[in-house]
Amino acid sequence: MKKVFVTGATGLLGANTVIKLLQYDYTVTALVRKKSSWMGEENENLRLIEGDLFSDISEYLQDVDAVIHIAAETSQDLLHYEDYKKTNYDAVVHLFAQAAAAGVEKFLFVSTANTLGYGNSAVWGSEKAPQIYPFTHSYYAQSKLETENYLLQQNRGTKVVIVNPTFMIGAYDRKPSSGKIIFWTWKKKLVFYPKGGKNFVHAEDAAEGIIKAVEKGKNGEKYLLANENLTYKEFFGKINAITGQTPVMIPIPDAGLAMLGMIGDFLRKLKIKTSLSSPNMKALRINNFYSNRKSSEELGVRYQSVDKAVEDAIRFFERKNNEVKVGRQI
């Protein structure tokens, strides 16, 4: 039975990963801010410890086979690169140093597909494609790329494997994080959608990819965890079909998104937090498409349909909403 240490266990990807690890009989120690935030069931092979990414975790890394680092600052409204660097780079340097000192065999870093160059409907992005605009101007993506480069220079003792998931949808999205996109159209009569698109993947499959990467991933390699390349109109169409909705769909002109980006840039100069920015609005106008060939062939990941991901996410949101209603009645 292998032992792993996991960060970010209470988020969308982290929860799915820990649940799968336990299903595969791993012994898991998970770093969380609050034990009460854990959404899964209790398990004799799961130990939750409270702390932050700068805590001294050396005592928990003894006899650990792999560290799976998922926790990250993913907000899109922070104003300065340093706001991302502290969590996405400095904390990783701290964690990796402890893992290496403890003799951990493998350090798996969960990055983002946006450190890699995206493609289009004809040619999809891959692990070999360099990062391009607008993500070269995304503080989040930049901080992740800086961390990738650091880790790949440190992999002589503890092995380093990097996974680059695309946009994840699924259950256990408690905030919600990426699942916010479902609420863009769910239960709406009028839906405005951007003309671009992106790659979507079931969070459960991304979790499976992480475990496969721990078991089979090669030292110094990156693996895209990706599935279906869809326009936003196609993705929203899936939500509408699954929920039985027929909203009016209206495309947002590219010029309108560009204008919103410039407004966001101005607000940011005034130190006002906003997710609006020229790079973020550009991201909505491109086909941010990727290939999963490497993870499918080398890791053996089998991907479920995005329809299944949407169904699982909606069921989770409905169940969570019902629990809140029951709590209020009590």
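The figures here come from the full heavy-atom set of this structure, side chains too, leaving out hydrogens, waters and symmetry mates.
At least one side-chain heavy atom of Ile68 sits under 4.5 Å from a side-chain heavy atom of Val214. Counting heavy atoms from C-beta on, the side chains of Tyr223 and Leu299 come closer than 4.5 Å. With a 4.5 Å cut-off on side-chain heavy atoms, Phe109 and Lys144 count as touching. Side-chain contact between Tyr139 and Leu78 is absent, with no heavy atoms from C-beta onward closer than 4.5 Å. The shortest distance between side-chain heavy atoms of Tyr60 and Val64 does not fall below 4.5 Å. Side-chain contact check for Tyr140 versus Ser75: every heavy-atom pair is 4.5 Å or farther apart. Between Val306 and Leu230 the shortest side-chain heavy-atom distance falls below 4.5 Å. When side chains are defined from C-beta on, Val248 does not count as touching Val191, because their heavy atoms never get closer than 4.5 Å.
To the nearest 0.5 Å, atom CZ of residue Arg47 and atom CZ of residue Phe5 are 10.0 Å apart.
Comment: Lys269 does not engage Asp265 in a salt bridge, judged by the lack of any side-chain N to carboxylate O separation of less than 4.0 angstrom. A salt bridge links Lys85 and Asp90; the closest N-O separation between the charged side-chain nitrogens and carboxylate oxygens is under 4.0 Å. Salt bridge Lys238/Asp307: present, at least one basic N to carboxylate O contact under 4.0 Å.
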Intermediate values then yes/no, ring pair (Phe, Tyr, Trp, His ring centres under 6.0 Å), Tyr118 and Tyr290: CA-CA 6 Å; Tyr118 58 88; Tyr290 293 95; 7.1 Å; no
Full working for side-chain contact (heavy atoms from CB on, under 4.5 Å) between Ile181 and Phe183: CA-CA 5 Å; Ile181 195 172; Phe183 293 93; over 6 Å; no
Tyr193 vs Phe236, ring pair (Phe, Tyr, Trp, His ring centres under 6.0 Å): CA-CA, chis, key distance, verdict: CA-CA 8 Å; Tyr193 65 90; Phe236 291 152; 7.1 Å; no
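Taking the six-membered ring where tryptophan is involved, the planes of Phe96 and Phe107 are perpendicular, since the angle between them exceeds 60° and thus also 30°.
Ile162 and Val6 sit in two unconnected hydrophobic clusters of ILVMFWY residues. Membership requires side-chain heavy atoms under 4.5 Å apart, directly or through other members. Residues Leu116 and Tyr150 are members of separate hydrophobic clusters, defined by side-chain heavy-atom contacts under 4.5 angstrom among Ile, Leu, Val, Met, Phe, Trp and Tyr.
Side-chain contact, Glu208 with Tyr24: a donor N or O sits under 3.5 Å from an acceptor N or O. In summary, the side chains of Gln98 and Ser58 do not present any donor paired with an acceptor at a separation below 3.5 Å, with no hydrogens or angles considered. Side-chain contact of Asn240 with Thr185: a donor-acceptor pair under 3.5 Å is present, judged by distance alone. Between the side chains of Ser55 and Asp52, at least one donor-acceptor pair of N or O atoms lies under 3.5 Å. Judged by distance alone, the side chains of Asn120 and Asn287 never bring a donor and an acceptor atom under 3.5 Å apart. A side-chain donor from one of Asp205 and Gln304 sits under 3.5 Å from a side-chain acceptor of the other.
Of the options Gln76, Met262, Met281, a side chain to side chain contact (heavy atoms under 4.5 Å, CB included) to Leu276 is made by Met281 and by none of the others.
Side chain of Asn164 to main chain of Thr112: a donor-acceptor pair is present (N/O by atom type, distance under 3.5 Å, no hydrogens or angles).
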